[in-house]
Number of protein chains: 2
Amino acid sequence: MASKETLAGCPVQHALQYIGGKWQMGILWQLRKGALRFNTLKDALPNLSEKVLTENLKFFEEKGIVSKQSFLSVPPKVEYRLTADGQDLIPVIEKIIHWGYAHLQEEKVKKDTLFTPSVVMNELQQEYNTVEKAAG
Amino acid sequence: MASKETLAGCPVQHALQYIGGKWQMGILWQLRKGALRFNTLKDALPNLSEKVLTENLKFFEEKGIVSKQSFLSVPPKVEYRLTADGQDLIPVIEKIIHWGYAHLQEEKVKKDTLFTPSVVMNELQQEYNTVEKAAG
DNA sequence: TAATTAACTTACCTTAGGGTAATTAAAGGA
DNA sequence: TCCTTTAATTACCCTAAGGTAAGTTAATTA
């Protein structure tokens, strides 16, 4: 996540530092409601490895998007939460998720449209009926 | 741009196909007002190479985000424009640019804040006074 | 005849993001 | 004594995105 330092003069490139990575939006989205522990976060995002999660959290922390709270205990307990700047990203991510959701449905419906369009629609709506499941 | 086919079931990953690339938002943003020729697009986005522009336009076309119109002439003339689906992405990109712009200013101001905060602010506002310049 | 033009294509290289798997710390429990 | 737990770190590897530079096309123009 070192190359993300460059081209900071452009709003687009700047924003891309925080949302362009494969797991970045997923992580931030999970944190939108409050603090989460490392493993909770990890479990919420299947296929996300510990290494990548650590990397991303460290980057977010350095950039002031996420804050970290370590409890001195054994085994360790660490909580992550969004800073004010991080919170500002949530509506942005929300908009992206909405677009993705809408056009994902569109795509799936196009493929099956010759068969059972309404059935497909219902399946999709059940599958994605909560925004909870939208990121990850 | 081949790996972007995978993980299509997640709205976030789906959207990332179209906005996660270094130049994707810049290209789409330039096209927001109407058709542009290949070289016009290229000139509007400094440091974007022809190869990468071609790759991205081809991808967008395959995905139905951008449409292409070739005029049979020598030298060739080709125009690109957003499809309806592509247009849907503009408000999303707009939101991203707004966030990037705001937090870019914040960052720069933090660095120089001990010296001439109001001067810095003015410079920044002049530098970025048009949304035109926001993407690229 | 040679140069210019627009929109590519091709070949090559570099890098960084991400994946996999093993290892670490210290305390408490079986 | 060994295992478990949590939050990392470390050492790899692989791939794809992107950068660089040169070549291609065919008609027009100097």
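Note on naming: letters A, B, ... go to the chains in the order of the sequence lines (proteins, then strands), and numbering restarts at 1 for each one.
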S.K.: Just jot down the side chain to side chain donor-acceptor pair (under 3.5 Å) partners of B/Gln69, sequence neighbours excluded, or say none.
M.R.: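 Checked B/Gln69 against side chain to side chain donor-acceptor pair (under 3.5 Å); matches are B/Arg81.
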
S.K.: Send over the distance from A/Lys22 NZ to D/dA17 C1', rounded to a whole Å.
M.R.: 14 Å

S.K.: Looking only at heavy atoms, which two atoms of A/Gln24 and A/Ile19 are closest? And how far apart?
M.R.: OE1-N, 3.3 Å

S.K.: Who are the side chain to side chain donor-acceptor pair (under 3.5 Å) partners of A/Glu61, not counting sequence neighbours?
M.R.: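 Once residues adjacent in sequence are excluded, A/Glu61 has no partner under the side chain to side chain donor-acceptor pair (under 3.5 Å) criterion.
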
S.K.: Residues from residues 34-42 of chain A sitting under 4.0 Å of DNA chain C, heavy atoms only?
M.R.: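 None, since no heavy atom is under 4.0 Å.
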
S.K.: Rounded to whole Å, how long is the line connecting atom CZ of B/Phe71 with atom P of C/dA7?
M.R.: 11 Å

S.K.: Are any of A/Lys68's side-chain N or O atoms less than 4.0 Å away from OP1 or OP2 of D/dA7?
M.R.: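 No, A/Lys68 has no side-chain N/O under 4.0 Å of OP1/OP2 on D/dA7.
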
S.K.: Sugar-phosphate means primed atoms, P, OP1 and OP2; the rest is base. With that split, encode nucleotides 20-30 of chain D 5' to 3' as B, S or - using protein heavy atoms under 4.0 Å.
M.R.: B-----BS---

S.K.: With a 4.5 Å limit on heavy-atom distance, are the side chains of B/Val66 and B/Thr83 in contact?
M.R.: no

S.K.: So which nucleotide from C/dG18, D/dG19, C/dC8 ends up closest to the side chain of B/Trp23?
M.R.: D/dG19

S.K.: Determine yes or no for a side-chain-to-main-chain donor-acceptor pair under 3.5 angstrom, with A/Ser49 supplying the side chain and A/Val52 the backbone.
M.R.: yes

S.K.: Can you tell me if B/Tyr80 touches the phosphate of C/dC8, counting only side-chain N or O atoms and a distance under 4.0 Å to OP1 or OP2?
M.R.: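 For C/dC8, OP1 or OP2 has a side-chain N or O of B/Tyr80 closer than 4.0 Å.
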
S.K.: Is any side-chain heavy atom of A/Asp88 closer than 4.5 Å to one of B/Trp99?
M.R.: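 Of all side-chain heavy-atom pairs linking A/Asp88 with B/Trp99, at least one is under 4.5 Å.
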
S.K.: Are A/Leu41 and A/Arg37 close enough that some pair of their side-chain heavy atoms sits under 4.5 Å apart?
M.R.: no

S.K.: Checking B/Gln30 against B/Leu36 for the side-chain contact (heavy atoms from CB on, under 4.5 Å) test, could you report, in this order, the C-alpha distance in whole Å, the side-chain angles of both residues, the deciding distance, and whether it holds?
M.R.: CA-CA 8 Å; B/Gln30 292 298 324; B/Leu36 289 182; 4.1 Å; yes

S.K.: Just the dot-bracket of DNA chain D, please: which string comes out with Watson-Crick or G-U pairs under 3.5 Å, [ ] for crossing, | for another strand?
M.R.: |||||.||||||||||||||||||||||||

S.K.: Go through the structure and list residues passing side chain to side chain donor-acceptor pair (under 3.5 Å) with A/Lys42, not counting sequence neighbours.
M.R.: A/Glu50

S.K.: May I have the distance from B/Glu55 (atom CD) to C/dT10 (atom P), rounded to whole angstrom?
M.R.: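 Checked: the CD to P distance equals 12 Å.
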
S.K.: List the residues meeting salt bridge (charged side-chain N to carboxylate O under 4.0 Å, His left out) with B/Lys51, not counting sequence neighbours, and say none if there are none.
M.R.: B/Glu55

S.K.: Would a 4.5 Å heavy-atom cut-off, applied to side chains only, mark B/Met25 and B/Leu89 as touching?
M.R.: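 B/Met25 vs B/Leu89: side chains apart.
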
